[in-house]
Amino acid sequence: MIPGAVAEAIRPHVGAVGSAQAVGGGCIAHATRIETPRGRFFLKWAEGEAGQTFAAEAEGLRLLCEASGPDLVIPSVLAAEAADGGPGFLLLAWLAPGRPTRADWERFGGALAALHRAEAPSGEGGRYGLGSDNWIGSKPQRNGWSASWPQFFGERRLLAQAETVRRRGAWRPEWDPLLESLVARLPEWLPETPPPSVLHGDLWAGNALATERGRFALLDPAVSVGHREADLAMTELFGGFDGAFYDGYRAAWPLEPGYAERREIYNLFHLINHLTHGPGYAGSVERTLRRFGR
């Protein structure tokens, strides 16, 4: 059941909601397909901290839309509101899912490369980061601007996320020296000033939707500006991306030598982020820390 306050808030955009059906993807929020006199739409809502994330998500979708080309679909934001004493919500155009072919996957890879090649915003203080903090899933993501990519990734991703999961009881104090050593040595592995790219930021298979028209859509972003390989690394962390996707990306923009090593460092951020999901991630975090933090 959609909360009455949300139904009233979206009425100017869609009219009265006729029916609502739960859909997948609502791990931290309620996710529904709604039928209205003006068509079908996607709506999600939540209260509390999860309800605070929607304004930042809408801004991330706007940034992706500005940077993306015609082969990539970014859902249109019709309305968004952060929770303030009631539920927050996000109202998007409905995207009908499809069955991707190998050619669709290859085009998706090329489209992501085009997104990464597009001109990225920058701010006072540097070319990497974002002007405001946002969210990755249910956790805050620290941004700000930096002139050094290794410095940004070390401070605003690895150290900041470790502190977040520490406060939630999922970080082991014996990892501190390893993480501090790894962060100090990041300039040995990461480029100082890579071409700045608009990053989706949370690009696992569940956030890439094959639409019925053969183009892929990007969902649930955690946008910032950084090294393009950080997006590619996450596509490999949990799997689910066809090999043609990587063929299409590399054909459009080949990777630099050493990517396999950098991939492990970039995915450490996501492994740390997932420590609160259960103890199964601790072994992977420790292995990466011991490999790069000595």
Side-chain angles (χ1 to χ4, degrees), residues 56 59-60 62-69 72 109-134 136 140-163 178-203 218 221-237 246 248-273 288-289 291-294:
E59 174 63 9
R62 184 189 69 79
L63 291 170
L64 288 175
C65 186
E66 288 181 353
S68 65
L72 201 58
L112 184 67
L115 170 71
H116 288 163
R117 279 193 181 275
E119 183 177 357
S122 61
E124 184 177 350
R127 306 168 72 194
Y128 308 107
L130 203 64
S132 58
D133 294 344
N134 48 22
I136 181 161
Q141 179 168 265
R142 304 305 178 197
N143 290 310
W145 294 103
S146 176
S148 164
W149 170 244
Q151 181 181 25
F152 175 84
F153 189 77
E155 294 179 358
R156 307 299 174 86
R157 292 295 175 264
L158 297 181
L159 292 174
Q161 211 63 12
E163 187 57 34
L178 295 171
L179 181 60
E180 291 168 5
S181 175
L182 186 157
V183 168
R185 295 181 61 193
L186 281 179
E188 298 178 24
W189 298 297
L190 306 187
E192 178 69 15
T193 56
S197 297
V198 175
L199 304 179
H200 176 280
D202 195 11
L203 194 52
L218 297 182
V223 170
S224 63
V225 176
H227 189 197
R228 63 192 176 108
E229 291 180 357
D231 264 353
L232 279 181
M234 194 183 188
T235 67
E236 298 189 64
L237 181 58
Y246 300 102
Y249 191 99
R250 287 177 170 86
W253 195 357
L255 300 180
E256 300 293 331
Y259 164 70
E261 192 171 56
R262 293 188 295 273
R263 176 184 60 202
E264 305 309 307
I265 295 172
Y266 288 143
N267 280 340
L268 177 60
F269 166 64
H270 298 291
L271 292 170
I272 291 172
N273 188 47
T288 305
L289 287 172
R291 178 183 176 190
F292 294 98
R294 288 194 176 276

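Because only heavy atoms are used, hydrogens play no part in the values below, and waters and symmetry mates are left out as well, while side chains stay in.
When every heavy atom of V223 is checked against every heavy atom of L63, the shortest pair comes out as CG1-CD1, 3.9 Å. Shown here for L199 and R228, the closest heavy-atom pair between the two residues is CD2-CA, 3.8 Å. Between A252 and G110, the shortest heavy-atom distance links the atoms CB-CA, 4.1 Å. Residues A222 and D202 share a closest heavy-atom pair of CB-CB, 4.3 Å. For the pair P221 and L64, the tightest heavy-atom approach, listed with the atom from each and the gap, is CB-CD1, 3.7 Å.
Looking only at distances, no side-chain donor or acceptor of R127 sits under 3.5 Å from a matching main-chain atom of P195. Using a distance-only test at 3.5 Å, with no hydrogens or angles considered, a donor-acceptor pair links the side chain of R157 to the main chain of R142.
Distance check: E192 CD to L186 CG gives 10.5 Å after rounding to the nearest 0.5 Å. Between atom CG of residue L232 and atom CG of residue N267 there is a gap of 10.5 Å, rounded to the nearest 0.5 Å. Atoms CG and CD, on L268 and Q161 in that order, are 10.5 Å from each other to the nearest 0.5 Å. From E155, atom CD reaches atom OG of S148 across 8.5 Å, with rounding to the nearest 0.5 Å. Note that the CD atom of E261 and the CZ atom of F292 stand 4.5 Å from one another [nearest 0.5 Å].
Applying the side chain to side chain contact (heavy atoms under 4.5 Å, CB included) test between L159 and each of L179, L182, I272 identifies L179 as the sole match. Of the candidates P194, S197, P150, H227 forms a side chain to side chain contact (heavy atoms under 4.5 Å, CB included) with just one, namely P194.
Aromatic pair Y266/F153: centroids less than 6.0 angstrom apart.
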Only distances under 3.5 Å count here; give the side-chain donor-acceptor pairs of residues 112-123 to other protein atoms, sequence neighbours excluded, each with its distance to 0.1 Å.
from	atom 1	to	atom 2	distance (Å)
H116	ND1	Y249	OH	2.8
H116	NE2	D231	OD2	3.0

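In this structure, M234 and F269 have side chains that are not in contact, with every pair of non-hydrogen atoms separated by 4.5 Å or more.
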task = Walk me through it: do I136 and H270 pass the test side chain to side chain contact (heavy atoms under 4.5 Å, CB included)?
result = CA-CA 9 Å; I136 181 161; H270 298 291; 3.9 Å; yes
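E59 pairs by the salt bridge (charged side-chain N to carboxylate O under 4.0 Å, His left out) definition with R62, not counting sequence neighbours.
Using cut-offs of 30° and 60° for the angle between ring planes, the W149 and F152 rings count as parallel.
Look at E264 and R291 and you find no salt bridge, because none of the NZ, NE, NH1 or NH2 atoms lies under 4.0 Å from a carboxylate O.
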